[in-house]
Amino acid sequence: MSRVTAAQRVKSSIVAEREIMRFAVPDPVTGIRPHALWHKHVHNVELDPIQILKMQEMDAHPNTVDFSCRRTGKTAVKEMYHLEMLATTPHQELGIVAPRMQQSQNNLNYLIDGVRRSEILTAYIAHKQGRPQLRDTSFQFVNGSKASAYGIMSQIDGDSITMASLEETDDMPQDRLMSRFLPMLGAARRLGVDRKTTEFKPSIRISGVYKGADVLQRLIDTGEYHTLPPVDVHLGVALGMVDHMCISVWPLRVTICPPSSRGLRAARRFLPSA
């Protein structure tokens, strides 16, 4: 295998950027971004109607929450949206936080897998001293945008992000979330970046199971968060997101779970009333 020089990498990244921006501009008539075309063209993923609708609503609302039924792809659509924003908008930084570091890395893998299955995005990965900036806990594009994974108890003082991705918010300690992670969104500038050409708009995307009367409920009560269209188990089955045979046995599992058990609460998350 021949060695790729720095000049060849620069040339490849310029070609990749042209392809990335091909479907990144909103329609001049409707003002809607062609998300479906972008994801199909760049990393060969076909979005379903619900995913397209959720991405359009994320375009309109900087802070959103999605507590759809389990196994309906709420985390996948959120992280695919972030992948598009990082690739098409320079000098942005995504911070993914979850109760545990492993869970944050699972979310980051949605983005990393998108990069690895795309020759366009692979060519757009930044290099420093000849090494690609693509690791298990972070990656960076040529345009300066990058993503990192955090655990809620990680040492995060000094970091600064423009996009926050929160997973399973109800399982996080509220004081740690409010005092350590969310204040990282405050910066409106970057050293060496012209603020006239690059805009930093903080956004928060939350997904996870809605348990009620906990951290997520308190955030929703502030009125700052727009709820994305929820997908219940029936719609999930109709769209082919959830296996019908698997879901059909959950009502039976509810009947055999002891009252107030964790198994009962888990089972109810698949039911229409969840």
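For the numbers below, each heavy atom of this structure counts, side chains included, while hydrogens, waters and symmetry mates do not.
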Just verifying a value: how many Å separate Ile206 CD1 and Lys74 NZ, rounded to the nearest 0.5 Å? 13.5 Å
For the atom pair OG (Ser138) and CD (Gln133), what is the distance rounded to the nearest 0.5 Å? 7.5 Å
All salt bridge (charged side-chain N to carboxylate O under 4.0 Å, His left out) counterparts of [X], not counting sequence neighbours:
X: Lys11; answer: none
X: Arg22; answer: Glu19
X: Glu167; answer: Lys78
X: Lys54; answer: Asp66

Pairwise salt bridge (charged side-chain N to carboxylate O under 4.0 Å, His left out) hits with a residue in [range], at least two apart:
range: residues 106-118; value: none
range: residues 33-43; value: Arg33-Glu84, Lys40-Glu46
range: residues 122-145; value: none

By the ring pair (Phe, Tyr, Trp, His ring centres under 6.0 Å) test, which pairs, at least two apart or in different chains, include something from [range]?
range: residues 3-30; answer: Phe23-His41
range: residues 66-94; answer: His35-Tyr81, Phe67-Tyr210
range: residues 92-134; answer: Tyr124-Phe141

Tell me yes or no: between the side chains of Glu79 and Ser165, is some donor less than 3.5 Å from an acceptor? yes
Verify whether one side chain among Asn109 and Gln105 offers a donor that lies under 3.5 Å from an acceptor in the other.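 No - no donor-acceptor pair under 3.5 Å links their side chains.
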Residue among Arg205, Lys201, Gln92, Glu93 satisfying side-chain contact (heavy atoms from CB on, under 4.5 Å) with Met163: Gln92
Val215 vs Asp171, test: side-chain contact (heavy atoms from CB on, under 4.5 Å). Steps then yes/no. CA-CA 8 Å; Val215 180; Asp171 294 330; over 6 Å; no
Any side-chain heavy atom of [X] sitting closer than 4.5 Å to one from [Y]?
X: Leu47; Y: Met55; answer: yes
X: Thr75; Y: Asn106; answer: no
X: Leu111; Y: Ile96; answer: yes
X: Met58; Y: Met85; answer: no

Minimum heavy-atom distance between Val42 and Ser118, given as atom pair plus value: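 Shortest heavy-atom contact: O-OG, 2.5 Å.
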For Gln174, what residues pass the side-chain hydrogen bond (donor to acceptor under 3.5 Å, both in side chains) criterion, not counting sequence neighbours?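 Testing Gln174 for side-chain hydrogen bond (donor to acceptor under 3.5 Å, both in side chains), a comparison that skips the adjacent residues, returns Arg218.
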How does the hydrophobic cluster around Val10 look, that is, which other residues are in it when side-chain heavy atoms under 4.5 Å mark a link? Ile14
Under the criterion side-chain contact (heavy atoms from CB on, under 4.5 Å), I'd like the reasoning laid out for Ile204 against Glu224: C-alpha separation, chi angles, the key distance, then a yes or no. CA-CA 10 Å; Ile204 302 174; Glu224 299 178 5; over 6 Å; no
Test Phe139 against Ile125 for side-chain contact (heavy atoms from CB on, under 4.5 Å), laying out the working first. CA-CA 8 Å; Phe139 70 88; Ile125 288 291; 4.2 Å; yes
Give a yes or no on this: more than 12 heavy atoms of other residues, nucleotides or ligands lie within 6.0 Å of atom CD of Gln8. yes
